[in-house]
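Working notes, beginning with the structure itself.
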2 protein chains.
Amino acid sequence: MEGKGLSKGFEHIMRPTIYDVAERAGVSIATVSKVLNNTGNISDRTKKKVIKVMQELGYHPNSLAAALTGKKTFTIGVLVPDIANPFFAEVSRALENYARETGYAIILCSTDYQLEREQYYLDLLMKKQVDGIIIATEPKDLNAFQTLQSRDIPFLMFSIDHLALSSHVVTTDDIRGGYLAGRYLLDKGHRRLAIIAELNRPSGRLRLEGFRRALSDHGIELDQRFIINSISKIEDAKIASQKILHLPERPTAVFATTDLIAVVFMNEARKTNVSVPEDISVIGFDNTIHAEIADPGLTTIAQPIDELARYAIYKLLESIENPQIPSHRIMLTPSLIERESVKDLNGHC
Amino acid sequence: MEGKGLSKGFEHIMRPTIYDVAERAGVSIATVSKVLNNTGNISDRTKKKVIKVMQELGYHPNSLAAALTGKKTFTIGVLVPDIANPFFAEVSRALENYARETGYAIILCSTDYQLEREQYYLDLLMKKQVDGIIIATEPKDLNAFQTLQSRDIPFLMFSIDHLALSSHVVTTDDIRGGYLAGRYLLDKGHRRLAIIAELNRPSGRLRLEGFRRALSDHGIELDQRFIINSISKIEDAKIASQKILHLPERPTAVFATTDLIAVVFMNEARKTNVSVPEDISVIGFDNTIHAEIADPGLTTIAQPIDELARYAIYKLLESIENPQIPSHRIMLTPSLIERESVKDLNGHC
DNA sequence: ACAAATAAGTAAAGCGCTTACCCTTTGTTC
DNA sequence: GAACAAAGGGTAAGCGCTTTACTTATTTGT
C-alpha cells in the first residue's frame, strides 16, 4: 500500500487519490470505491468514516479512471453549425439542461458550417470516448457518419434528417410548420402570399412545401415569382426583402422561413415606408428572441425546442443503454405564436 | 501479447486498442504509441506500416487512457450564466474556436444564474479532470473558487472580476466603455443625458461610473433622476424605458448598458411616438446581433469578444503549462461602433 | 575493420479506478 | 451449540495508454 498515495511533502500539488482516502480511513481502496458508487455491502459506520475522510482531503474521484474501467464517460458530444445563432443557442441550452439532469456533461462543438471541422470534431469526440453524439449540423459528408455507425457509437440527428442514414432522428415537422403558417395567413383573409425561403437547406424547402400545400388546399397556386430565395443572413435577407417590396403587385403577407429574415424584412419594409402589419403582414419561423424583441412583435412558428431537446437526450440515452433498439424518427409539431405582425383582413371585406 | 487485443469474433463490437494495432503490425505497443505521438525514434518504414494498420482497423486512440498517464485531458471547462444570451453565445463561439486551434475541447456549462448549478458544474469539471476552467459567471460563492485555487486547477475569470480572488482575469474595461459612450454623446452635442443601467451587476455599475466621469470631465453632473435601474430582460427594460420617456424634461440621449435594453428602449420610444434618433438618441453596449439587426442600426460600444477570447485561452494555457506564473489581469479596451441611432446635434446650434 | 555512437525497438511499471472473487465475522435456525 | 447464510470487507487483475530503462541493429570515424 505504501507508495501509492500522496507523495509526502507534495500534498499541495498532487490531488488525493482513492489510495489516500483508503489509507487515511484505514480501509482498502475497494471499500472506498464501494462507498463512492454505493455498491456492495458497507456498514454505515465505515461509510460515514470514509465520506468524512474524503471531505477532509477534498477528494474528487477521477472520472477518467472510472471511465477506463466502467466503460462510460457520462459525456455526450453535440455538434451544431453555429452556437451564436439564437436557434442553436437555445437548442444547446435545452440539451445541456436535460443532459445535466441525467448526469451527463456536454462537449459543445460548433462547426461554423465547415466540413473539415465536422470531421475534426467527430474524430475528437470519438477519441474522448463520448457515450453518444447529437448532430445538429446538416450532414455533408456521409462517410464520417458511417464511421460512427460502424463503431457502434450511438448518435442522433437533431432537427435535421438524412434519408441515407438510419439513425435516430428528432426533428420539427417543417412541412407542418409551413402549412401552419400558410393556413394562418389564409384564415386571416390573405390571398396574395409570398415566401422568403432558405432554399439551400432542406428545412427551408420543406417549409416551403408545407406553405404551398396550405395554399393549394385552398385552391390557390403559389406564384413562382413570389418565392424568393435567401439565406438567413442580414445582407442576403435585405436583398430578398427588397425584391418582395418592389414586386409589381405587392403581396399582402409574407412568410419568412426564419425569424431573422422576417425581422430584416420588417426593417426593410419600414425603411420603404411600408408599414407592418398595416400594409403588409409578416410571419416568421423559429420563435427566437428576435421575434419577441421585434416591433411589432413577430407572429411566428415556434419549434418545440424544449421538447425536441428532451426527446433527443432521452432517445440517445436509451440507445446508449441498449444499442439494439431500432432507430426511430420522432417529428414534433411546431406551434403558432401569435403576436402583432399579421393583420386580420376579414373585418375589411 | 495474446489475449490483450480484440476478442475473436467480437471485432464488430469492441473498439480496437493499441494492442490490436501492435499485434497486427508486428511491433510492440510502445512503438505504436511512439508513432502516435511522434516521439522517440521510429523508422519511416515502420511508421508507415503502423499507420496503415491503424487505418485498416479504424483505430482511434483512447484519450482517456492517455490522459490517465500523460496527465492532460486537453479539455477545458467554460462556465457561463446563460448560453442563450447572445453575448455569451458569441463568447462561447470565440472561446471554442481558439480552443480548437490549440487542440483543446470545451465542456460548456450554463449555470442559468443558479448558484447550485455553479457548484455542481465546478465539481463535475474537477471530476472530469479538465486542464483549466474559464469562468464567465459572476462569482456568488467564493468557497467554490477557493477550492479551485487550493487544488491548483488553473482558472481564469472572463469578463468579470472579483477583488477577493487573485486569479487571471480577462475583461473589458467597462469604465472606459461607459466613458466612451458618454464622450461620444457629448461630442454629438448632447447635454441632457440619461442612462439605463444594470445596477445589480458590477459591469453595469462600472459602465455607469465611466459614463458619469465623461460627463463630469465636461462639467456636467449626471442627474440622479436620470439614472434608471433595469436588468437586461425585455419586461424590465420596457418599464425602465417608459420611465425615461415620461420624464418631465426628456433627455436628448440615452445610454443603455446592454444592447437588449437599448433595443427595447427604441421599440418603446417608437410606440410612444418618439422617433429615434430624431427625437431621442440611443447608444447601447455589447454590439450583439440585436444592435446590428435593429432599425435604425444601434450605435453601441463593442466588447472585443474575439480578443478577449484569444487572450483568455492563451493565458489559461500558459498557466496550465506553467502554474507558477503570477496572475495577471488584462483589461481590453472596448470600441465604439457607429450606426444610426445617435443624432448629431452640432449642426443645429 | 572495429570500437564508439546512434538509431530502432522492446519490456514493464504505472496512472486511478472498478469489479470479480475470496475470506472473515456476525447473526440465525433448529 | 453445530451448520449455514449474510454482511462487511480485502486482494488483485485489469481498462488502454505513456514512459523510462534497457537491448539490439545499424552507422560512422579513423
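Computation of the quantities below employed the complete heavy-atom set of this structure, encompassing side-chain atoms and omitting hydrogens, waters and symmetry-equivalent molecules. Naming: A, B, ... by sequence-line order, numbering from 1 per chain.
Between B:Asn62 and A:Leu68, the shortest heavy-atom contact is ND2-CD1, 3.9 Å.
The base of D:dG10 is paired with the side chain of A:Lys34 by a donor and an acceptor separated by under 3.5 Å. Under 3.5 Å, the side chain of A:Lys72 and the base of C:dT18 form no donor-acceptor pair of N or O atoms.
Regarding B:Ile42, its CD1 atom lies at a distance of 15 Å from the P atom of D:dT26, rounded to whole Å. Atom CG of B:Asn62 is separated from atom C1' of D:dG16 by 6 Å (rounded to the nearest Å). Rounded to whole Å, the distance from CD on B:Glu23 to P on D:dC17 is 14 Å. Nucleotide C:dT26 holds its P atom 16 Å from the CG atom of A:Asn41, rounded to whole Å. As a whole-Å value, the separation of A:Asn37 CG from C:dT18 P is 4 Å. Straight-line distance from the CD1 atom of B:Ile18 to the C1' atom of D:dT18: 8 Å, rounded to whole Å. A straight line from CZ of A:Arg45 to P of D:dG8 spans 11 Å, rounded to a whole angstrom. The separation between B:Tyr59 atom OH and D:dC17 atom C1' is 7 Å, rounded to whole Å.
In this structure, of D:dG9, C:dC17, D:dC17, it is D:dC17 that holds the atom nearest to the side chain of B:Thr17. When each of D:dG8, C:dT10, D:dT19 is scored by its nearest atom to the side-chain atoms of B:Thr31, the top-ranked nucleotide is C:dT10. Closest to the side chain of B:Thr69, from the set C:dA8, D:dG10, D:dC17, is D:dC17. Of the candidate nucleotides C:dC17, C:dA12, D:dG8, C:dC17 has the atom nearest to the side chain of A:Ala65. Taking the side chain of A:Ile29 as heavy atoms from C-beta on, and the options C:dG9, C:dC17, D:dT18, the nearest nucleotide is C:dC17. Ranking C:dT18, D:dC17, C:dG9 by closeness to the B:Ser43 side chain, first place goes to C:dG9.
Side-chain contact annotation: A:Thr75 with A:Lys128, donor-acceptor N/O pair under 3.5 Å absent.
Across all strands, A:Ser63 comes closer than 4.0 Å to no nucleic acid atom at all (heavy-atom distances). Within 4.0 Å (heavy atoms only), B:Ala30 reaches at least one base atom of the nucleic acid.
Proximity of B:Tyr104 to B:Leu317: side-chain heavy atoms (C-beta onward) are separated by under 4.5 Å at one or more points. Counting heavy atoms from C-beta on, the side chains of B:Ile83 and B:Ser92 come closer than 4.5 Å. Counting heavy atoms from C-beta on, the side chains of B:Leu79 and B:Glu118 come closer than 4.5 Å.
Taking for each of B:Thr39 and A:Asp44 the nucleotide of DNA chain D with the nearest heavy atom, the 5'-most of the two is the partner of A:Asp44.
Between C:dT18 and A:Ser33, a contact under 4.0 Å exists linking OP1 or OP2 to a side-chain N or O.
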